[in-house]
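Sequence lines set the chain letters: A, B, ... in the order given, protein chains first and strands last, and positions in each chain run from 1. This one's a predicted model, so the numbers in the text were calculated from it and none came from an experiment.
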There are 2 protein chains.
Amino acid sequence: MARPRSAGYDEQREQILAAAAALFALRGYTATTMNGVAAACGVSKPTLYHYVRDKHDLLAQIARGHVQRLEALVSEVDAAGLAPEARLRELISRFMAAYAGARNEHRVLTEDVRFLEPAARSEVLDGQRRVVDAFASTIGGLRPDLEADALAKPLAMLVFGMMNWTFTWWRSDGAVDSSALAAMVQQLLTGGLPAVQAARGSAGAALRRNAAVDAGVPDVGRRTVPER
Amino acid sequence: MARPRSAGYDEQREQILAAAAALFALRGYTATTMNGVAAACGVSKPTLYHYVRDKHDLLAQIARGHVQRLEALVSEVDAAGLAPEARLRELISRFMAAYAGARNEHRVLTEDVRFLEPAARSEVLDGQRRVVDAFASTIGGLRPDLEADALAKPLAMLVFGMMNWTFTWWRSDGAVDSSALAAMVQQLLTGGLPAVQAARGSAGAALRRNAAVDAGVPDVGRRTVPER
DNA sequence: CCTACCGATCGGTAGG
DNA sequence: CCTACCGATCGGTAGG
């Protein structure tokens with residue numbers, strides 16, 4: 001019968017992942033050394049290698065853990081059964097809070113995914129895609145015409161841009177707190193979404209444009225910038 | 001008298017910077033080798049070192065060149081003397097086009113600035129700050145109350161988030177072209193800006209809140225999320 | 001302009 | 001025999 005793991009195994013593992021995420025976030029994956037990770041954790045390198053197979057596995061554990069937490073967040077919001085607008089607000093609010101509480105892991109996820117080995121990278125990218133799809137389908141619930149034009153996903157990516165970029169410059173000790181930023185993103189999106197127009201050039205827009213022309217309806221979809 | 005530079009010096013230098021930017025964007029600064037840069041350019045390593053002092057100088061030339069082009073863009077828009085809303089649309093449209101045409105340099109600027117040596121890093125960050133300020137002051141022209149609350153700059157950073165993040169996922173051969181994305185950013189911002197509320201907690205908001213209370217005016221500034 | 005090569009430091013693992 | 005480590009050092013490769 002196998003000997004059970006030490007009582008502090010999971011705590012030690014979590015501490016190693018957190019310290020490595022801090023170094024990866026600061027210097028990037030490649031410039032971070034396993035010696036540096038071990039030193040930051042106060043353990044020897046052989047001990048570090050007791051918790052991770054190699055450097056790629058260390059990165060994979062950090063990235064997988066973070067994306068799994070994000071997917072769990074989506075599941076929690078799903079379970080609440082909210083209407084699209086409330087659901088979108090809840091997603092933004094929870095994601096901004098999650099990012100603020102896991103800045104290092106978040107930066108690693110967004111910048112160092114390219115260094116993952118193919119299997120781990122696919123796993124992480126699949127998780128990210130499911131998360132993006134949750135945002136895109138909620139936006140599509142508010143604007144089915146944009147979803148028909150395949151614009152719900154690009155729009156979701158703009159929202160992720162606002163959220164992701166925030167944590168490259170935002171400081172927790174600064175003048176603006178993360179919930180105020182979440183509110184700004186929500187307000188900008190909720191207020192701006194009605195102003196977003198179906199783009200010309202997409203398959204859905206072209207079909208509906210032709211239909212509109214056939215029916216003698218003015219073709220407002222051709223304007224990409226609203227006139228005032 | 002010093003020997004003049006070869007006729008093709010500047011062209012060769014530009015080619016080297018472009019090839020290096022492509023490698024930095026793909027693998028990151030640290031994981032890119034000077035041997036790899038030389039091979040990608042089809043020149044020997046000593047030739048490469050004729051154009052750059054060292055690896056840090058190569059990165060500095062790429063980052064400085066890109067941020068200088070962005071500053072030139074701001075100057076051009078300034079010269080047009082547009083009203084705030086038109087100016088903001090023009091800035092967004094030109095920046096998205098510039099990013100689309102210099103994706104590698106843009107990714108290097110946003111991800112590898114941390115590897116610059118202090119003097120070059122300061123220079124680049126100063127340029128980026130001036131560019132952000134141009135967006136923030138234009139937003140402040142549209143919403144002086146947000147600027148008074150020091151929220152124009154965070155809002156400008158949300159706009160940069162949308163623009164910067166776009167070029168981590170957008171493909172020029174995909175279904176959505178970059179001008180359509182620029183239009184979406186413009187519409188989201190122009191449509192959403194009126195919905196953004198002054199945040200509680202900032203110095204300006206606190207001052208005006210007190211003034212409002214003193215005058216017996218309802219304090220709408222305390223709500224960070226609009227009720228519906 | 002190239003081959004050859006340096007001081008150093010990397011990720012990962014040996015024996016005990 | 002197992003695990004959980006340590007001090008020391010391996011083979012390869014980086015920037016220059």
Task: For atom CD of Gln12(A) and atom P of dT3(D), their distance in whole Å - done: 18 Å
If you restrict it to nitrogen or oxygen atoms, what contacts under 3.5 Å exist between nucleotides 8-13 of chain C and the protein, and what is each distance?
| from | atom 1 | to | atom 2 | distance (Å) |
| --- | --- | --- | --- | --- |
| dG11(C) | OP1 | Thr32(A) | O | 3.0 |
| dG11(C) | OP1 | Lys55(A) | NZ | 2.8 |
| dG11(C) | OP2 | Met34(A) | N | 2.9 |
| dG12(C) | OP2 | Tyr49(A) | OH | 2.8 |
| dG12(C) | OP2 | Lys55(A) | N | 2.8 |
| dG12(C) | N7 | Lys45(A) | NZ | 2.9 |
| dG12(C) | O6 | Lys45(A) | NZ | 2.5 |

Task: Ring centroid separation His56(B) to Tyr29(B) under 6.0 Å - done: yes
Open item on the list: Given 3.5 Å as the limit, does a donor-acceptor pair link the side chain of Thr190(A) with the main chain of Gln187(A), or not?
Closed with: no
Open item on the list: Using whole Å, what does the distance between atom P of nucleotide dA4(D) and atom CG of Leu48(A) come to?
Closed with: 15 Å
Open item on the list: Less than 3.5 Å apart, any donor N or O on the side chain of Thr33(A) or Asn35(A) sitting next to an acceptor on the other?
Closed with: no
TODO: Indicate the ring-plane relationship of Tyr99(B) and His66(B), choosing parallel, tilted or perpendicular according to the 30° and 60° boundaries.
DONE: tilted
TODO: Quick one: do Asp126(B) and Arg129(B) satisfy salt bridge (Lys or Arg N to Asp or Glu O under 4.0 Å)? Show the steps, please.
DONE: CA-CA 5 Å; Asp126(B) 285 351; Arg129(B) 190 179 38 70; 3.6 Å; yes
Task: For atom CG of Leu23(B) and atom C1' of dG15(D), their distance in whole Å - done: 16 Å
Open item on the list: Looking only at side-chain N and O atoms, does Arg87(B) offer a donor or acceptor that is under 3.5 Å from a partner on Thr138(B)?
Closed with: yes
Open item on the list: Using whole Å, what does the distance between atom P of nucleotide dG16(D) and atom NE2 of His50(B) come to?
Closed with: 18 Å
